Colleague: 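The structure's right below; bear with me while I get my questions together.
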Amino acid sequence: MKNIIVTVIVGFITGLVISGILFDVIKYIGKSFNRVHIAWNISKAEKFYSNERFSDSISLYNEVIPKIAPLNKLLLAKTKNNLALAMINKAKKDLADNVCSQEDFSIQVKSISQILAEAYNLAIETKNQKLISELEQNRKNITIQTVDK
């Protein structure tokens, strides 16, 4: 009888330890899968961008941005910067192809400027000078493009 009680207690404690460990392993695998999924989609979006498939690139960036952890400010800033670049190139292409009017283009540029401002603020928080410089240049370029059009 004494052995049965000891076995039950030891089994119970072992079960708690194992279930805790299993939960942590499952949680870690889930986080890892999410990171891989984010990286995969960003890579696909960059490939679409380089092939001038701006709409596809924009869709993927919009899908992945909400999945990036808010504490990962550098990745979030870079991804928002890339989204803004895809959006401005799509808007310029649409304007050149007469798919949108000058007024629509100006509205899109305001939206893109907001995204660049968000990316810039995130970059400032990370103190990544290279990204800050790139974003400053992109913000200047979008202002110039609005004036040129």
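Quick caveat, the model's predicted, so the values are computed rather than measured. Heavy atoms only: backbone and side chains are in, while hydrogens, waters and symmetry mates are out.
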Colleague: Centre-to-centre under 6.0 Å for Phe54 and Phe48, is that the case here?
Modeller: no
Colleague: Do Val99 and Leu95 sit in the same hydrophobic cluster, where Ile, Leu, Val, Met, Phe, Trp and Tyr count as joined when their side-chain heavy atoms come under 4.5 Å apart?
Modeller: no
Colleague: What are the two closest heavy atoms between Arg139 and Tyr120, and how far apart are they?
Modeller: NH1-CD2, 3.0 Å
Colleague: Checking side-chain polar atoms at under 3.5 Å, does Asn89 have a donor or acceptor matched by the opposite partner on Tyr49?
Modeller: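 The answer is yes; a qualifying pair exists.
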Colleague: From Ile65 CD1 over to Glu118 CD, what is the distance, rounded to the nearest 0.5 angstrom?
Modeller: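 The CD atom of Glu118 is 8.5 Å from CD1 of Ile65, to the nearest 0.5 Å.
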Colleague: Any donor and acceptor pair, going by atom type alone, linking the side chain of Ser106 with main-chain N or O of Gln102 inside 3.5 Å?
Modeller: yes
Colleague: Okay, side chain of Thr79, backbone of Leu76: is any donor-acceptor separation there less than 3.5 Å?
Modeller: no
Colleague: Give a yes or no on whether Leu131 and Tyr61 share a hydrophobic cluster (residues Ile, Leu, Val, Met, Phe, Trp, Tyr; joining criterion: side-chain heavy atoms under 4.5 Å apart).
Modeller: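 Hydrophobic grouping puts Leu131 with Tyr61.
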Colleague: Examine distances only and state if a side-chain atom of Asn81 and a backbone atom of Ala77 form a donor-acceptor pair shorter than 3.5 Å.
Modeller: no
Colleague: Can you name the residues that form a side chain to side chain donor-acceptor pair (under 3.5 Å) with Gln108, not counting sequence neighbours?
Modeller: none
Colleague: Could you measure the distance from the NE2 atom of His37 to the CD1 atom of Ile42? Nearest 0.5 Å is fine.
Modeller: 10.0 Å
Colleague: Closest heavy-atom contact between Ile142 and Ser113?
Modeller: CG2-OG, 3.9 Å
Colleague: Side chain to side chain donor-acceptor pair (under 3.5 Å) with Lys73: which residues, sequence neighbours excluded?
Modeller: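 So Lys73 forms a side chain to side chain donor-acceptor pair (under 3.5 Å) with Glu125.
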Colleague: Ignoring hydrogens, what is the shortest heavy-atom contact between Lys80 and Leu122? Give both atom names and the distance.
Modeller: CD-CD1, 4.3 Å
Colleague: Would you give the length of the straight line joining atom CG of Leu74 to atom CG of Asn128, rounded to the nearest 0.5 angstrom?
Modeller: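 Answer rounded to 0.5 Å: 5.0 Å.
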Colleague: Determine the minimum heavy-atom distance between Lys67 and Asn34, stating which atoms define it.
Modeller: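 Reported closest heavy-atom pair: O-ND2, 3.6 Å.
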Colleague: To the closest 0.5 Å, what do you measure between CD1 (Ile115) and CG (Leu135)?
Modeller: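 One gets 12.0 Å once the value is rounded to the nearest 0.5 Å.
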Colleague: Nearest 0.5 Å, please: how far is CD1 in Ile38 from CG in Leu60?
Modeller: 12.5 Å
Colleague: So does Arg53 get a backbone contact from the side chain of Ser57, meaning a donor-acceptor N/O pair under 3.5 Å?
Modeller: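 Not at all, since once roles are kept as given, no pair shorter than 3.5 Å links the two residues.
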Colleague: If I take atom CD1 from residue Ile112 and atom CD1 from residue Ile88, how far apart are they, to the nearest 0.5 angstrom?
Modeller: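 Here the interatomic distance stands at 4.0 Å.
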Colleague: If you draw a 6.0 Å radius around CD in Glu52, do more than 12 non-hydrogen atoms from other residues or ligands fall strictly inside?
Modeller: no
Colleague: Give a yes or no on whether Leu85 and Ile68 share a hydrophobic cluster (residues Ile, Leu, Val, Met, Phe, Trp, Tyr; joining criterion: side-chain heavy atoms under 4.5 Å apart).
Modeller: no
